[in-house]
Amino acid sequence: RWSARPRREFTPLWFGVFCSLYGVRLAAKSGLIQAVTPWPEPVFEYVDAFVTYSILIPAGLFMETLVGPGRYGAVRRTWQIACVYAAGAVANDLGQGSPFASMWLNAPVVLVSTLVQGAHIVRLARGTGWPIELRAVAVTGAVFVLVALYETISKGGLFGEAVDPEPIAMLLFTAALGWFVL
């Protein structure tokens with residue numbers, strides 16, 4: 001049963017699921033992985049699309065373990081809406097026989113989720129003194145979210161197709177979280 005207070009014992013689980021999905025998404029985009037496996041290219045495109053649609057679910061659950069369900073349950077609603085979106089997007093892609101057919105809705109869902117969750121973090125942070133490790137998590141998390149949002153919305157990328165800064169931002173965020181946990 002869900003309670004009104006944060007469930008910190010699930011924080012590592014949801015962060016691990018988020019990171020694992022992120023890794024699967026990176027692997028699906030990897031030319032090396034594609035070259036050494038017998039699967040056709042569309043399999044990797046579907047995996048990339050399906051993970052992109054569903055990665056907001058563990059991200060939202062992770063956030064809820066940190067800040068609670070939020071005012072009026074708004075943080076909780078972000079991952080619940082992400083569940084509905086992911087299920088519908090996967091079904092739509094399969095029905096149309098085209099990966100990324102539902103990507104047009106991804107940017108608004110990511111943007112709204114990020115704004116709601118960010119607002120709750122700011123609300124909780126007011127008037128509290130955060131240790132340096134937590135500030136590092138907040139800064140690197142914000143950098144990751146901003147880079148991911150820009151990449152999602154612009155579709156062209158921050159540096160074009162040649163360089164994808166999102167994995168580097170994720171590495172920094174993960175390292176900061178590791179420092180915080182230590």
Side-chain angles (χ1 to χ4, degrees), residues 10-66 75 78-118 137 140-178 181:
F10 291 111
T11 304
L13 169 70
W14 294 124
F15 183 69
V17 172
F18 172 77
C19 287
S20 297
L21 284 175
Y22 194 83
V24 167
R25 187 168 152 242
L26 287 178
K29 292 180 174 185
S30 168
L32 177 63
I33 300 294
Q34 293 177 19
V36 298
T37 57
W39 303 312
E41 187 176 334
V43 169
F44 294 101
E45 291 174 353
Y46 276 105
V47 168
D48 183 10
F50 295 172
V51 170
T52 299
Y53 299 148
S54 62
I55 201 162
L56 287 176
I57 300 166
L61 286 161
F62 171 69
M63 188 59 63
E64 184 174 338
T65 66
L66 295 176
V75 173
T78 62
W79 65 261
Q80 291 171 337
I81 290 168
C83 287
V84 172
Y85 163 65
V90 167
N92 184 52
D93 282 13
L94 291 173
Q96 290 192 28
S98 175
F100 301 107
S102 303
M103 193 56 75
W104 63 272
L105 190 54
N106 193 59
V109 172
V110 170
L111 185 61
V112 169
S113 293
T114 303
L115 290 174
V116 168
Q117 293 168 2
V137 169
T140 57
V143 167
F144 171 71
V145 165
L146 289 174
V147 168
L149 272 174
Y150 185 83
E151 295 287 317
T152 299
I153 293 169
S154 74
K155 295 179 177 70
L158 192 57
F159 301 106
E161 299 272 333
V163 177
D164 183 4
E166 191 177 321
I168 296 165
M170 179 62 169
L171 175 65
L172 293 173
F173 179 50
T174 307
L177 276 167
V181 170

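Just so we're clear, the structure is a prediction, and the values are computed from it rather than from any experiment.
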**Asked** Hey, does T78 have a side-chain heavy atom less than 4.5 Å from the side chain of M63?
**Response** no
**Request:** Report yes if the side chains of V110 and L56 come closer than 4.5 Å at any heavy-atom pair, otherwise no.
**Result:** yes
**Request:** Mind listing the closest non-hydrogen atom pair of I57 and A86 along with its distance?
**Result:** CD1-CB, 4.1 Å
**Asked** So, for Q96 and A101, which heavy atoms are closest and what is the spacing to 0.1 Å?
**Response** OE1-CB, 3.6 Å
**Asked** Which atoms form the tightest heavy-atom contact between C19 and M170, and what is the distance?
**Response** SG-CE, 3.6 Å
**Item:** Partners passing side-chain contact (heavy atoms from CB on, under 4.5 Å) against A49 (at least two apart in sequence or in another chain)
**Value:** Y53, D93, P99, F100
**Close side-chain approach of F10 to V17, heavy-atom, < 4.5 Å** = no
**Prompt:** Quick one: are L61 and F18 in side-chain contact, heavy atoms under 4.5 Å?
**Reply:** no
**Request:** Taking the side chain as every heavy atom from C-beta outward, state whether Y22 and I55 have any atom pair closer than 4.5 Å.
**Result:** yes
**Asked** For the atom pair CG (L146) and CD (E166), what is the distance rounded to the nearest 0.5 Å?
**Response** 11.5 Å
**Asked** Between K29 and D48, what is the shortest heavy-atom contact and its length?
**Response** CE-OD2, 3.2 Å
**Asked** side chain to side chain donor-acceptor pair (under 3.5 Å) with Q34: which residues, sequence neighbours excluded?
**Response** none
**Prompt:** At their closest point, which heavy atom of V47 faces which heavy atom of A28, and how far apart are they?
**Reply:** CG1-CB, 3.9 Å
**Message:** Testing the basics here: between T52 and R25, what is the closest heavy-atom pair and its distance to 0.1 Å?
**Reply:** OG1-NE, 3.2 Å
**Request:** Using atom types as modelled and distance alone, determine if a side-chain donor or acceptor of Y85 lies under 3.5 Å from a backbone N or O of W79.
**Result:** no
